[in-house]
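Comments concern the structure below.
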Amino acid sequence: MFDLLEEAGGLKNVTITDGGFTLLHWFCYKQENDECISLLEKLLDKNIDINAINWAHRTPLMSAVKLNMTNTCRLLL
């Protein structure tokens, strides 16, 4: 799925909602994603801004910490 999104040019505009959510924000929104580290690594390889702030003034790391996503936090740090 990631490869299809990349081929379609979906990774060029990394802010995907009006609230300022990036693909990293969406990744850190579900605790289950903490087991999908290979996807997170692909997102990070695309130089998506890990310090992007959404409408609630939260970074992806802040969301990951809130959900106790230890694998995700380790990579984001």
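FYI, side chains are in, hydrogens and waters are out, and symmetry mates aren't considered; it's all heavy atoms of this structure.
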Could you go through Leu61 and Cys73, starting from their C-alpha distance and side-chain angles, then the distance that decides it, and tell me whether this counts as side-chain contact (heavy atoms from CB on, under 4.5 Å)? CA-CA 6 Å; Leu61 179 60; Cys73 290; 4.0 Å; yes

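- Of all heavy-atom pairs between Asn54 and Phe21, the closest is ND2-CE2, 3.2 Å.
- The nearest pair of heavy atoms linking Asp49 to Asn51 is OD1-N, 2.9 Å.
- Closest approach of Lys30 to Met69, counting heavy atoms only: O-CE, 3.4 Å.
- Transitive grouping of hydrophobic side chains (ILVMFWY, heavy atoms separated by less than 4.5 Å) keeps Met62 and Leu77 in distinct clusters.
- Within the 3.5 Å criterion, the main-chain N or O of Ala52 finds a donor-acceptor partner in the side chain of His25.
- At least one side-chain heavy atom of Phe27 sits less than 4.5 Å from a side-chain heavy atom of Cys36.
- Between Leu43 and Lys46, the closest side-chain pair of non-hydrogen atoms is not below 4.5 Å.
- Asp34 and Thr72 share a side-chain donor-acceptor pair at under 3.5 Å.
- Between Leu76 and Ile50 the shortest heavy-atom distance is O-CD1, 3.7 Å.
- Taking both residues in full, the closest heavy atoms of Trp26 and Asn33 are given as O-ND2, 3.9 Å, listed atom of the first, atom of the second, then distance.
- Hydrophobic clustering (ILVMFWY, side-chain heavy atoms < 4.5 Å, transitive): Leu67 and Leu39 are in one cluster.
- Under a hydrophobic clustering in which Ile, Leu, Val, Met, Phe, Trp and Tyr are joined whenever their side-chain heavy atoms come within less than 4.5 Å, directly or via other members, Leu23 and Ile53 fall into different clusters.
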